[in-house]
Amino acid sequence: MTTQTVPAAIRTQVAASMTQGVPGRSVTSDDQATTVTAPAEQRDRLAATLWAFRMSNEIVEAVPGHIAAVIPANAFVP
C-alpha cells in the first residue's frame, strides 16, 4: 500500500467545504496536515462534520476557548 498526499490548497478547500456549517471555524494546511480550528462550543458540530476522517476523538484544545482537529495530509486519499 502506498501513501499519497493531496496538495495543501485542495485539502484546505475540502476541509473548508466539509465544515462550512461550523460557526467561527478556520482551516489551514501545510505540507504535513490540515488543521481545522473552531470555538470550543463547536466541538460536537466539528466532530460530526469530520466523521469521514475519523477525527471525532482527535479534537484537542488548541488555545484557550478553541479546539483543533489535525487531519494528516494522506487522510484525504481514498
Taking every heavy atom of P72 against every heavy atom of V70, the minimum-distance pair comes out as CD-O, 3.7 Å
Closest non-hydrogen atoms of T5 and N74, given as atom of the first, atom of the second and distance, are CG2-N, 4.3 Å
So the salt bridge (charged side-chain N to carboxylate O under 4.0 Å, His left out) pairs with at least one residue in residues 60-74 (sequence neighbours excluded) are R43-E61
Heavy atoms of I10 and V6 approach each other most closely as CG2-CG1, 3.6 Å
ask   = Does any N or O in the side chain of T49 come within less than 3.5 Å of the main-chain N or O of L46, such that one atom is a donor and the other an acceptor?
value = yes
dist M18:CE -> F76:CZ (nearest 0.5 Å) comes out at 7.5 Å
In short, R45 meets P23 closest at the heavy-atom pair NH1-CD, 3.2 Å
For T28 and T12 the tightest heavy-atom approach is C-OG1, 4.3 Å
Under 3.5 Å, side-chain donor or acceptor atoms of residues 32-42 against the rest of the protein: list the pairs with distances, not counting sequence neighbours.
from : atom 1 : to  : atom 2 : distance (Å)
T34  : OG1    : R11 : NH1    : 3.0
T34  : OG1    : S29 : OG     : 2.7

